[in-house]
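Working notes, structure below.
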Amino acid sequence: MIQRIADQVRAGERLDRDAALELYRHAPTSQLGQLADAVRARKHPDGIVTYIIDRNVNYTNVCVAKCNFCAFYRPVGSADGYVLGFDELFRKIDETIAVGGVQLLLQGGHNPDLPLSWYEDLFRAVKERYPTFKLHALSPPEVIHLSRLSQLPVPAIIDRLIAAGLDSIPGGGAEILVDRVRKALHCYGKATADEWLDVMRRAHRAGLRTTATMMYGTVETDEERLEHLLRLRALQDETGGFTAFITWSFQPSNTELGGTEATGIDYLRTLALARIVLDNFDNLQASWVTQGGKVGQLSLAFGANDMGSVMIEENVVRAAGAAYCMDELEIVRNVEDAGFVPKRRNMHYEILGDPIFRERDVPRMLELATARDDGDYSIPAELRLYPARSRAGKILQQGSSAASQDSE
Ligand code: SF4
């Protein structure tokens with residue numbers, strides 16, 4: 001049975017649900033890896049492994065969604081909640097450009113005190129200062145949050161964000177696209193499986209390319225993990241708008257859900273399954289940020305053809321206990337040691353060139369930056385321009401405008 005399914009994969013045939021589940025459950029790990037590697041080699045026969053230099057910035061940690069797997073968020077009114085100021089974000093972009101970076105991956109909590117106009121003003125300001133710099137920003141649940149907050153339909157939100165400068169939507173917040181799982185993870189309210197997929201459908205129709213993700217290892221069954229992949233495959237058949245797929249394991253430390261982290265073998269088997277099932281996705285990233293550099297490198301033998309992002313800053317996974325750091329030199333060393341050719345890319349997976357540190361001097365980055373320094377809870381001056389919705393936000397706003405009148 002396994003041999004027949006393996007022959008199907010090698011022949012480039014699409015696997016149905018039963019065959020994929022059989023393979024996932026019963027194929028030896030080495031065989032799963034070889035099959036995924038064969039699919040990867042068919043799609044990328046040149047042996048190139050790409051990566052992007054960008055910065056992963058979380059503009060606020062204040063969130064009303066309260067997913068039980070999340071160690072990052074702070075409730076509205078929390079003393080250690082933050083919103084980054086426009087100037088802080090510009091500084092981060094300057095630092096990113098200095099090391100050859102081309103985009104910001106910008107995501108954050110569902111903060112009721114940041115209206116749509118805050119995002120539009122920010123995007124416009126970024127594009128005015130850095131016209132060619134890209135914004136890969138706001139995962140589907142954030143778009144839905146803005147739709148509810150503004151009482152505008154999702155397509156209108158997407159259109160307005162595009163008009164302000166949005167270039168692409170990251171695939172965060174997908175977790176597992178099965179509503180039973182989403183209810184158990186307290187993330188059904190932020191976006192149902194259908195709602196997440198529909199934001200991506202609308203974004204693709206509006207001309208954006210996006211990524212897709214999966215966070216596994218919480219409460220889902222094998223069937224539900226596979227269902228997630230099949231739903232992504234179906235939408236990709238429909239729109240062709242996904243550039244890449246990224247999967248990572250749930251990081252349990254400091255979360256309400258707790259539990260233990262999935263093993264490295266579970267990660268590699270899941271990645272291989274994704275490469276085999278997602279036959280209409282060109283690119284699969286290695287999630288070394290959660291798995292570490294060594295498993296990340298091994299991912300290249302289990303279907304991955306991309307090392308994701310050079311890590312300049314990380315906040316979300318670090319809050320749950322993982323803080324792996326690889327700068328460009330380290331990524332390139334891992335890629336070459338695995339027998340591949342490393343190339344820099346942009347958000348559309350177009351090759352930009354060879355490693356930048358071989359072209360010019362760039363500083364080594366041996367430590368991850370954070371959104372804010374510990375203990376910095378300053379409130380950006382421009383927040384006064386955006387009417388707060390929450391009670392805590394209104395009180396803060398009154399306090400900060402009184403303070404600024406005193407100093408004027
Ligand atoms: S995962 Fe995102 S939406 Fe859920 S609580 Fe954390 S920050 Fe909020």
Side-chain angles (χ1 to χ4, degrees), residues 56-84 104-116 118-119 136-150 154 157 169-179 181-200 210-220 228 246-259 261 287 289-290 313-323 370-372 389-390 392-393:
N56 187 352
V57 175
N58 303 104
Y59 54 89
T60 181
N61 63 350
V62 175
C63 189
V64 291
K66 302 186 179 175
C67 308
N68 63 9
F69 57 84
C70 178
F72 169 69
Y73 82 89
R74 294 293 177 270
V76 176
S78 163
D80 49 0
Y82 73 81
V83 175
L84 296 181
L104 217 55
L105 167 52
L106 191 65
Q107 301 179 103
H110 301 184
N111 186 333
D113 296 324
L114 297 180
L116 179 59
W118 181 87
Y119 296 84
H136 182 45
L138 309 188
S139 61
E142 289 167 271
V143 173
I144 292 167
H145 163 73
L146 282 177
S147 158
R148 292 172 184 161
L149 203 61
S150 327
V154 162
I157 297 289
I169 290 184
E175 330 313 353
I176 293 286
L177 292 169
V178 173
D179 285 340
V181 178
R182 303 186 74 77
K183 284 178 185 163
L185 298 181
H186 299 180
C187 65
Y188 177 79
K190 75 175 179 182
T192 66
D194 282 346
E195 284 172 332
W196 188 98
L197 288 160
D198 199 50
V199 172
M200 288 311 198
T210 76
T211 54
T213 68
M214 172 169 80
M215 183 194 71
Y216 69 92
T218 54
V219 300
E220 82 282 357
H228 178 99
I246 311 122
T247 186
W248 62 83
S249 57
F250 163 54
Q251 305 293 304
S253 296
N254 307 320
T255 65
E256 187 189 332
L257 184 63
E261 188 186 345
S287 178
V289 178
T290 56
E313 171 172 335
E314 214 295 316
N315 304 285
V316 174
V317 171
R318 183 207 303 250
T370 49
R372 273 270 176 89
R389 292 280 294 270
S390 74

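Order of listing sets the numbers, starting from 1, for every ligand and every atom in it.
For the side-chain contact (heavy atoms from CB on, under 4.5 Å) with Y82, the qualifying choice from N58, N111, V62 is N58, the only one to do so. For the side-chain contact (heavy atoms from CB on, under 4.5 Å) criterion with F250, the lone passing option out of T290, T255, I176 is T255.
Between the H228 side chain and the T213 main chain, a donor and an acceptor come within less than 3.5 Å of each other.
The closest side-chain donor-acceptor pair between T192 and D179, if any, does not fall under 3.5 angstrom. Remark: the Q251 side chain and the S253 side chain contain no N/O donor-acceptor pair separated by less than 3.5 Å.
Near H110, meaning under 4.0 Å from any of its heavy atoms, are these atoms of ligand 1: 3 (S).
The protein heavy-atom contact nearest to atom 2 (Fe) of ligand 1 is K190 NZ, 4.2 Å.
Shown here are the protein N/O/S atoms lying under 2.8 Å from atom 6 (Fe) of ligand 1, water excluded: C70 SG.
Between E195 and R182 there is no salt bridge, since no side-chain nitrogen of the basic residue lies less than 4.0 Å from a carboxylate oxygen of the acidic one.
Atom CZ of R389 has 12 or fewer heavy atoms from other residues, nucleotides or ligands within 6.0 Å.
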